[in-house]
Amino acid sequence: MFITDIRKEFYEVVANQRVALLVAADIDALCACKILQALFHCDQVQYTLVPVTGWQDLGTAFLEHKEQFRYFVLINCGANVDLLEMLQPDDDTIFFICDTHRPVDVVNVYNDSQVKLLIKQDDDLGVPSYDDIFRDEDEEEEGDDSGNDSDDGSEPSGKRRRYDEGALERRIERQRAKREWEARRREILFDYEQYEYHGTSASLMIFELAWVLTKDTKDMLWWSVIGLTDQWVHDKITHMKYITDVATLQRHVSRHNHRNEDEENSLSIDCMRISFEYDLRLTLYQHWSLYESICNSCYTTCNFKLWTLNGQKKLQEFLADMGLPLKQVRQKFHSMDMSIKENLKDIIEESSNKYGMKDIRIQTFGVHFGFKNRFLASDMVHATTALLESTEKDENDGDNFIKALDSLSRSNLERLHSGIDQAKKKLIAIQQTVASCICTNLILSQGPFLYCYLTEGTPDIKLFSKPLALTLLCKYLLKAFVLSTRNKRCKLLPLIMAAPRDTEKGTVIVVGIPPESETSDKKNFFGRAFEKAAESTSSRTLHDHFDTSIIELKMEDRSKFLDALITLLS
Amino acid sequence: MDSDPLFTGDSCAAQRSAMQAGPSCDTRARLCQFKNKGKDANELRRRRAEVNVELRKAKKDEQIQKKRNVVSQHNEQLPQWTVDEILEGVNSQSLVHQLQATQAARKLLSREIHPPIDSIISAGLIPKFVWFLILSECPPIQFEAAWALTNIASGKSEQTRAVVEAGAVSAFINLVSSPHPHISEQAIWALGNIAGDGPDFRDMVLKHGGLKPLVTLLDVPDLCVYPSDYLRNLTWTISNLCRNKNPAPPLKAVEQMLPALSRLLHHSDIPVLADTCWALSYLTDGSNERIEVVVQAGLVPLLVRLLSCGEIPIVTPALRSLGNIVTGTDEQTQCVLNAGALAMFPQLLRHTRPNLQKEAAWTVSNITAGKESQIQEVIDAGLIPILVEILRHGDYKTQKEALWAVTNYTSGGNIEQLAYLVHCEVLPSLFRLLSAKDSKIILIILDAIVNILQMAEKTGEIDKLSLTFEEYGGIEKIEGLQSHENEAVYKAALNIIDRFFSLDNEDDESVTSEATADGYAFQAPQNKSTFQF
């Protein structure tokens with residue numbers, strides 16, 4: 001069921017209990033987790049934090065903790081499956097689910113006792129009404145027994161009533177109605193479950209809880225900003241949704257800034273100041289050189305088509321148009337002349353407009369830690385994601401999770417900086433891969449979708465065995481492809497990418513994303529399609545990721561799986 | 001006067017012992033005991049089965065009732081009359097109004113959900129309806145009233161009683177001969193509900209002469225003149241007139257019914273045949289005298305033929321009837337055998353329905369309780385390996401019946417027949433079943449084992465058999481039973497060890513001579529050790 005009063009129905013319930021906190025591996029979940037941890041510290045709530053990377057992980061974590069815990073809080077996982085069916089919990093176990101995954105499973109919605117959804121009901125949920133999908137069993141079988149001849153060899157009844165002439169017809173009519181109802185139910189559920197998408201960020205939900213409890217701090221607000229920005233960076237929500245939620249957060253930001261005006265207006269070494277910005281869509285530019293940022297940001301590379309000679313030429317013209325000395329552009333941003341930096345955003349915006357990049361600026365937030373450190377929300381997202389999916393050392397998911405979580409704390413700037421370094425490498429790798437895929441025509445049109453397979457020898461292939469990295473690559477690649485292809489039909493197609501996941505096990509990771517367009521609703525139908533295709537070909541697949549559009553597949557089953565997908569979607 | 005089952009049992013036992021030649025006095029006593037007791041046991045078992053069915057049915061009804069409570073009374077297309085409106089209509093002077101009101105009542109009583117039987121009764125409508133039954137100038141109201149009363153009588157006993165006490169029985173009996181088939185059918189149906197209530201109302205219908213018009217209906221050259229539903233209702237009502245014991249229906253009525261049942265047994269409609277067979281199963285569920293009436297009517301060959309028809313609704317009651325008949329005298333049993341019934345048993349004993357398997361095994365157990373020649377027929381039909389198979393891995397209830405069959409066989413069979421049984425490897429299965437929880441079962445098995453051992457003793461093959469016993473862990477099992485909590489079991493087990501597996505006969509005697517419970521407990525281990533060494 002949906003919780004309407006998050007304080008009474010959630011926080012006050014768990015406040016005096018031991019809580020198991022199961023957190024998915026994405027930045028929004030991490031941020032929500034940070035906020036909740038801060039609240040729990042504040043109220044001395046005992047909790048155990050368990051990172052979970054997929055359904056199997058979730059199942060194991062539940063089994064390991066179900067003896068000690070009655071209350072489970074699930075962040076960014078659990079909403080889109082029938083959780084009770086999957087976990088088979090005891091009757092007194094209670095799940096609080098704060099998850100952006102949509103659609104929410106109908107059983108979770110209509111279970112009143114064990115499943116509590118921390119999900120805003122004003123989100124565009126479209127849950128079918130109860131009566132359309134559930135019916136009391138009793139109603140159905142009624143009237144089966146006419147008291148007349150039975151064919152099972154049991155003794156005839158001693159007395160028999162004679163029914164109405166209409167009884168038989170009514171029974172047939174009821175059965176027909178029942179069949180119709182079932183067909184309609186299937187249809188309704190099909191429509192409802194067909195597309196996967198994301199709702200309001202978990203960190204925003206939890207931040208609002210903190211706000212309701214009047215325990216919200218600037219740190220919490222900043223985490224919430226990062227959580228929302230994660231949804232934008234990883235292209236999970238529509239532009240409209242992003243702008244709306246930014247506006248919500250902006251109100252909180254100005255409230256906080258206003259509240260603490262007197263004390264903190266005087267900058268101190270440990271102060272923190274969040275500001276609303278209308279900043280450039282140049283990734284990590286404040287921690288890179290402007291030039292490198294332009295060359296590795298999706299927005300600019302795609303618009304210039306930097307993988308072409310012409311594109312490179314255009315970039316040079318663009319830089320010249322801005323009138324910035326190349327030396328300045330190529331050196332570290334923080335070493336750039338203050339005079340250039342002063343109205344840099346306006347200069348860049350003006351030139352970008354000429355080059356058809358009308359929305360190089362976007363509403364976002366920045367933060368100042370003390371005097372020196374300034375970060376944009378998207379910087380944080382990229383850095384933390386890089387840490388979360390780090391492939392540098394042979395560390396396991398759990399270690400990466402903790403590191404990523406740490407990097408979100410103000411006190412851990414070093415870790416954040418190492419994350420930024422890894423993020424740069426990742427972005428460079430993405431751009432290079434995009435360029436090589438486009439230049440060598442690796443993107444194939446399969447009819448109903450585009451398909452790109454990264455073979456074993458591709459550089460940085462290990463990086464792309466991770467779901468978030470591969471998804472980001474997918475998005476950038478599709479944008480680049482749409483801008484470079486002349487085939488109008490292909491511009492409208494979704495993309496499936498596959499990359500080696502585990503060479504020893506011989507598996508590939510497969511990601512499907514919806515078509516790229518300005519007005520895209522970001523709804524993804526690949527989850528269902530993957531399930532069906534796997535089923536019909538009995539391919540050996542693993543649907544373990546919380547996003548159903550990300551699966552693992554045995555290398556050898558790839559072609560039959562794809563064939564089935566093509567047939568299915570044609 | 002109805003025959004006393006105990007008395008017939010005794011006379012049968014006397015007969016049996018007179019015929020018995022050969023087996024020791026012990027065996028014969030045991031055998032007599034069986035025929036006597038066994039029959040009671042069978043009856044007990046049968047009764048228990050019936051209670052089961054009843055309970056299951058009651059539960060099902062309850063469930064339906066429960067379900068009905070849930071359902072709101074929707075989608076009744078016509079506006080319904082209230083009971084008060086009906087009462088007013090029925091009491092009006094106009095026949096048209098009366099008819100409409102009666103029809104409205106009938107409709108209320110015919111709806112699937114919560115028919116308001118009790119409010120109709122307490123409104124005092126029944127006498128009115130019964131009155132309408134005789135309004136032969138207005139067949140529609142006769143029909144509506146008959147239907148309404150049928151449904152009232154279909155309820156609980158008090159509800160049926162209310163109809164009977166209003167004098168409906170003779171009115172319905174008259175209507176059976178109504179020139180309007182639908183009224184006749186409705187009257188037959190109503191009589192079925194009344195007779196189905198129990199022996200009292202059944203006999204009341206019979207006493208009012210209800211049977212005559214019913215069987216007369218069957219006195220036509222071809223039953224196909226009747227619509228199938230009509231004939232089915234008629235058959236069902238006749239079967240209800242055969243139904244229920246304590247007391248069973250009067251023999252005179254039964255004799256009157258049998259030609260009709262014979263007639264119906266030649267028909268081809270499945271529900272008609274099924275209900276006819278059920279009727280026969282009721283009639284044969286009683287004393288030998290009652291079985292005799294059915295046998296004399298020449299119905300056994302027909303029943304046997306139906307055993308192989310493959311329709312479960314027919315096979316079930318046909319088998320039940322034949323099973324009942326073989327609980328009777330050897331001659332009655334022979335009549336079933338002569339009709340070739342055993343040919344169907346390999347199939348029935350392996351039927352997919354456990355219930356049919358069980359009934360088949362029960363039937364065989366009563367045949368193996370018969371003469372040597374009858375046991376031989378069972379052997380010749382190839383049933384022994386199948387029984388052993390059931391003992392090895394059958395449904396528990398079927399196993400129990402198969403055990404009875406084996407034990408009866410061992411007590412009535414001759415040396416060759418017992419040797420054949422052992423040859424069929426019955427012993428390992430018997431030993432395995434000694435681990436059963438039910439001490440009654442253990443006692444039956446021990447009986448069979450004693451019988452087999454006695455036979456071996458007589459032929460001097462006890463040593464050879466002992467080997468088999470040891471090989472399959474039989475001795476161990478029986479020794480184990482000496483510490484069984486049930487006294488009869490432990491005594492029986494001790495007796496077997498003592499008599500057959502004790503090396504020293506003197507020891508034996510000393511044990512038996514000072515046979516107190518304590519003495520056994522002390523000396524048994526000693527016995528065991530001497531045996532093992």
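All figures in this text were calculated on a predicted structure; none of them were measured in a lab. For the numbers below, each heavy atom of this structure counts, side chains included, while hydrogens, waters and symmetry mates do not. A note on names: the letters A, B, ... follow the listed sequences, proteins ahead of strands, and every chain is numbered from 1.
Between A:Glu155 and B:Arg243, the closest side-chain pair of non-hydrogen atoms falls below 4.5 Å. Proximity of B:Gln186 to A:Arg162: side-chain heavy atoms (C-beta onward) are separated by under 4.5 Å at one or more points.
Options B:Asn193, B:Ile152, B:Thr160 differ in how many heavy-atom pairs under 4.5 Å they form with chain A, and the most are formed by B:Asn193. Comparing B:Ala274, B:Ser154, B:Ala153, B:Gly192 by how many heavy-atom pairs each has under 4.5 Å with chain A, the most go to B:Ser154. For the set B:Leu356, B:Asn240, B:Ile194, the count of heavy-atom pairs under 4.5 angstrom toward chain A peaks at B:Asn240.
At most 12 non-hydrogen atoms from other residues, nucleotides or ligands lie less than 6.0 angstrom from CD of A:Glu535. Within a 6.0 Å radius of CD in A:Glu9, more than 12 heavy atoms belonging to other residues, nucleotides or ligands are found. For A:Lys8, the NZ atom counts as loosely surrounded, since its 6.0 Å shell holds 12 or fewer non-hydrogen atoms of other residues, nucleotides or ligands. Shown here is A:Arg70, whose CZ atom has more than 12 heavy atoms of other residues, nucleotides or ligands within 6.0 Å.
Applying the side chain to side chain donor-acceptor pair (under 3.5 Å) test to B:Asn233 and every residue at least two apart in sequence or in another chain returns A:Arg160, B:Glu185.
Neither the backbone nor the side chain of B:Ala190 comes within contact range of chain A, judged by heavy atoms closer than 4.5 Å. B:Leu109 touches chain A through its backbone: at least one of N, CA, C or O sits under 4.5 Å from a heavy atom, while the side chain does not. With a 4.5 angstrom heavy-atom cutoff, B:Asn244 does not touch chain A via any of its atoms.
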Side-chain donor-acceptor pairs of residues 106-115 of chain A under 3.5 Å, sequence neighbours excluded:
{"from": "A:Asn108", "atom 1": "OD1", "to": "A:Leu83", "atom 2": "N", "distance (Å)": "3.4"}
{"from": "A:Asn108", "atom 1": "ND2", "to": "A:Gly78", "atom 2": "O", "distance (Å)": "3.2"}
{"from": "A:Asn108", "atom 1": "ND2", "to": "A:Ala79", "atom 2": "O", "distance (Å)": "2.9"}
{"from": "A:Asn108", "atom 1": "ND2", "to": "A:Val81", "atom 2": "O", "distance (Å)": "2.6"}
{"from": "A:Tyr110", "atom 1": "OH", "to": "A:Pro128", "atom 2": "O", "distance (Å)": "2.6"}
{"from": "A:Tyr110", "atom 1": "OH", "to": "A:Tyr130", "atom 2": "N", "distance (Å)": "3.1"}
{"from": "A:Asn111", "atom 1": "OD1", "to": "A:Ser113", "atom 2": "N", "distance (Å)": "2.9"}
{"from": "A:Asn111", "atom 1": "OD1", "to": "A:Ser113", "atom 2": "OG", "distance (Å)": "3.4"}
{"from": "A:Asn111", "atom 1": "OD1", "to": "A:Gln114", "atom 2": "N", "distance (Å)": "2.7"}
{"from": "A:Asn111", "atom 1": "OD1", "to": "A:Val115", "atom 2": "N", "distance (Å)": "3.3"}
{"from": "A:Gln114", "atom 1": "NE2", "to": "A:Asp90", "atom 2": "O", "distance (Å)": "2.7"}
{"from": "A:Gln114", "atom 1": "NE2", "to": "A:Asp91", "atom 2": "O", "distance (Å)": "3.3"}
{"from": "A:Gln114", "atom 1": "NE2", "to": "A:Thr93", "atom 2": "O", "distance (Å)": "2.8"}

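B:Trp236 places no side-chain N or O within 3.5 Å of a backbone atom of A:Pro156 that could act as its donor or acceptor partner. For A:Arg161 (side chain) and B:Thr150 (main-chain N/O), no donor-acceptor pair under 3.5 Å exists by modelled atom type.
What you find for A:Tyr163 and B:Trp147 is that their closest heavy atoms are O-CZ2, 3.1 Å.
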